[in-house]
Amino acid sequence: MSLHARGHTSSHTPMIFSIRTKLLAAFALDLLLMVSLGFFGLHQMSEMNEKASFVETTTIPSLDIADNINFIITKYHGLQLEYIINNSSADKTRIEQELSDLEGQMSQQFASYQQIEGARGGTPSLGTAKAAWDAFVEATHQRFLPSARQSNTGSVQPALNRLNPLYQAVVSAAQQLGQENQREATEALGDVQQGYQTSRMVVLADTIVTLVLSAVIGLMLSTRIASRVRRITTATVAVAAGDLDRSVEVATRDELGVLAKNFNQMVDSLRSQRAALEQRNAEIAESLRRQQQLTEDLIRGKQAEEEATRARTAAEAASQAKSMFLATMSHELRTPLTAILGYAQLLHMRASIKQPDMVPELDRLRGAGKHLLTIISNILDFSKIEQGRMDLDITSFSVSQLVQEIVGITEPLAGDQGNRLIASLPAEEIAMSSDSSKIRQILFNLTNNAIKFTKDGTIRISIARATQSAQPCVVFTVEDTGIGMSAEQIAKLFQPFTQADASVTRRYGGTGLGLALSRQLARMLGGEIAVASTPGVGSAFTLTLPLTIGPEGEAQAGSSLMLATA
């Protein structure tokens, strides 16, 4: 009765400065400081964003255009030298056309630069550079070309000496234009850095003030609350140990006082329930024993069925996980690799002007990156095929032109191996209606394999018409005089991630995925790949595809895809 009376009285007595009120006040103060910091941060970020946008939309494009201007000037001057050295009329005509093309490119660069600079009021360096270039071009057409066209002695010094002052003026004006853009970029970067430093100092100061205030308020509250919490904790430990006769004195009217009162009521309830629980526990223990016996019988009865289900589920999950892993990792690898190749291309362009000695290393970097990108693309395409997500893009195209493109791409690689690459094209033009990009990928894989496994030999690509099942077809044949393969090696040839044997992988490299992917793509297009080979003599890969894929052909290709993935 006394506890009930005390609780009834305290419920009508207002609590002054409760713990909740104090904590809310501290939180409000911290929140005010954080909001102030947020407003300041947004303001600083807005200013830095304007500077960054200026660098992105104006400064960086201006720097790129200045580099292009320097490149065009250098190439233009080189063509002048080539014009003097070459005595052939055809060469001179070609060089004059290239000079005209460069003049058009330079006009575009000046127009682009003027458009960018119009947003910030223009620059005198642009006018100087354009005037110097116009004078240089005018002297080229009025004095240099007529004189050099009539004189075929091959003398370089007199003709170039007359243009050197104008050339030096153009180079100087272009360099001044680039230096001006570089100075503007440096100033914009300095502004961004200054804004960052200011924001950093304000954020640091506001953070320190917030931490100090929070620490002082927390220390004051914790000191007063800790002693009362300690008493409640001691009683809680005693009750947890089984002492249900323990109680806590209710000395305050705040939240801790309410907690102490509720704790005492809880202990009273626990005392009354403990006896009932002990009896109930005995009943539950007996029921659990009977249920456990029944469960064990069911488990033993279904054990064989569950093991079979788990094995089937594990196999399906492993197959799905493999496909998802290949597709995800190939995509994630190709994205940064594309950026790397882009930067390598940019470095190659700049190194060709400023650091020519770096060009061979950058060429090797680009070649290795392109090779790796091809491998990753093959893996990604193979994963798409396995998941039935590869689409066809049906267009009409010339078969001869397609083969000539393959020859143009792979001929330098064949030359590095000492091989001759020959294309036997039909006299009449053959037009196909199919997915040209996938056919190009198949032929590239077959030709690249032939080159890789052939040294100082011959690779021949031939085209022929044929008929299969009353349907007109085109037969592509890629023959080589390389190392050849045995029947056992051919049996493993089109398996994913597998090569003829381990020694081939060690000696020639590769992922073993190109031929597997090529066969899958061929089946998607309603065709097939066959191979005939003799060890030490060479190999011949035959790709047979329908001449036209229409609505019915697309359905057949879809069926082939489902068969391949199954």
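Note that the structure is a prediction, hence the values are computed from the model and not measured.
- For the pair G527 and P546, the tightest heavy-atom approach, listed with the atom from each and the gap, is N-CD, 4.1 Å.
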Residues I529, T542; criterion side chain to side chain contact (heavy atoms under 4.5 Å, CB included); working and verdict:
CA-CA 6 Å; I529 296 179; T542 302; over 6 Å; no
Please report the C-alpha distance between E428 and R465 in whole Å, then the side-chain angles of each, then the deciding distance to 0.1 Å, and finally whether the salt bridge (charged side-chain N to carboxylate O under 4.0 Å, His left out) criterion is met.
CA-CA 11 Å; E428 60 178 3; R465 287 180 177 269; 3.4 Å; yes
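- Checked against V170 for a side chain to side chain contact (heavy atoms under 4.5 Å, CB included), the options I73, V137, D134 give a single hit: I73.
- At least one side-chain heavy atom of Q105 sits less than 4.5 Å from a side-chain heavy atom of L102.
- E98 meets the side-chain hydrogen bond (donor to acceptor under 3.5 Å, both in side chains) test with R94; sequence neighbours excluded.
- Between S436 and T395 there is a side-chain heavy-atom pair separated by less than 4.5 Å.
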Could you please spell out the steps behind the side-chain hydrogen bond (donor to acceptor under 3.5 Å, both in side chains) verdict for S462 and S424?
CA-CA 5 Å; S462 58; S424 298; 5.7 Å; no
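- A 4.5 Å side-chain heavy-atom check between L402 and F397 finds at least one atom pair inside the cut-off.
- In terms of modelled atom types and a separation under 3.5 Å, the side chain of T454 and the main chain of A450 share a donor-acceptor contact.
- Without hydrogens or angle criteria, T481 side chain to T458 main chain gives a donor-acceptor distance under 3.5 Å.
- Of the possible donor and acceptor atoms, one in the side chain of D435 sits under 3.5 Å from a partner among the backbone N and O of D393.
- At most 12 non-hydrogen atoms from other residues, nucleotides or ligands lie less than 6.0 angstrom from CZ of R420.
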Decide side chain to side chain contact (heavy atoms under 4.5 Å, CB included) for I430 and L547; before the verdict, give the C-alpha distance in whole Å, the side-chain angles of both, and the deciding distance to 0.1 Å.
CA-CA 9 Å; I430 300 177; L547 183 64; 3.8 Å; yes
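- Q441 CD to I439 CD1: the interatomic distance, rounded to the nearest 0.5 Å, is 11.5 Å.
- In this structure, the separation between CG on L545 and OG1 on T548 is 11.5 Å, given to the nearest 0.5 Å.
- The OG1 atom of T447 sits 13.0 Å away from atom NZ of K452, with the distance rounded to the nearest 0.5 Å.
- Looking at S533, its side chain does come within 3.5 Å of a backbone N or O of M485 through a donor-acceptor pair.
- Proximity of L145 to T140: side-chain heavy atoms (C-beta onward) are separated by under 4.5 Å at one or more points.
- With rounding to the nearest 0.5 Å, the separation of CD in Q417 from NZ in K455 is 5.0 Å.
- Proximity of S433 to I549: side-chain heavy atoms (C-beta onward) are nowhere separated by under 4.5 Å.
- Note: L63 CG to Y113 OH = 8.0 Å, rounded to the nearest 0.5 Å.
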Mind running side chain to side chain contact (heavy atoms under 4.5 Å, CB included) on T477 and L543 for me, showing each step along the way?
CA-CA 6 Å; T477 304; L543 169 64; over 6 Å; no
Pair L425-S400, side chain to side chain contact (heavy atoms under 4.5 Å, CB included): steps then yes or no:
CA-CA 6 Å; L425 303 179; S400 298; 4.3 Å; yes
Given side-chain hydrogen bond (donor to acceptor under 3.5 Å, both in side chains), test H141 with E103 step by step and report yes or no.
CA-CA 11 Å; H141 285 281; E103 291 166 7; 2.5 Å; yes
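- In this structure, V403 and F476 have side chains that are in contact, with non-hydrogen atoms separated by less than 4.5 Å.
- For E528, the salt bridge (charged side-chain N to carboxylate O under 4.0 Å, His left out) partners two or more places apart in sequence, or in a different chain, are R519, R523.
- Nearest heavy atoms, L166 versus A135: CD1-O, 3.8 Å.
- Interatomic distance, I406 CD1 to R440 CZ, rounded to the nearest 0.5 Å: 6.5 Å.
- The two atoms that bring I353 and D67 nearest to each other are CD1-O, 4.5 Å, heavy atoms only.
- Tested against M106 for a side chain to side chain contact (heavy atoms under 4.5 Å, CB included), the candidates W133, F136, Y76 yield a single pass: W133.
- For the pair T410 and I459, the minimum side-chain heavy-atom distance is 4.5 Å or more.
- No side-chain donor-acceptor contact under 3.5 Å links Q401 to the backbone of S398.
- Using modelled atom types, no side-chain atom of K130 and backbone atom of F110 make a donor-acceptor pair closer than 3.5 Å.
- Checking side-chain atoms of T198 against main-chain N and O of Q194 turns up a donor-acceptor pair under 3.5 Å.
- When all heavy atoms of A173 and A129 are compared, the closest pair comes out as CB-CA, 3.5 Å.
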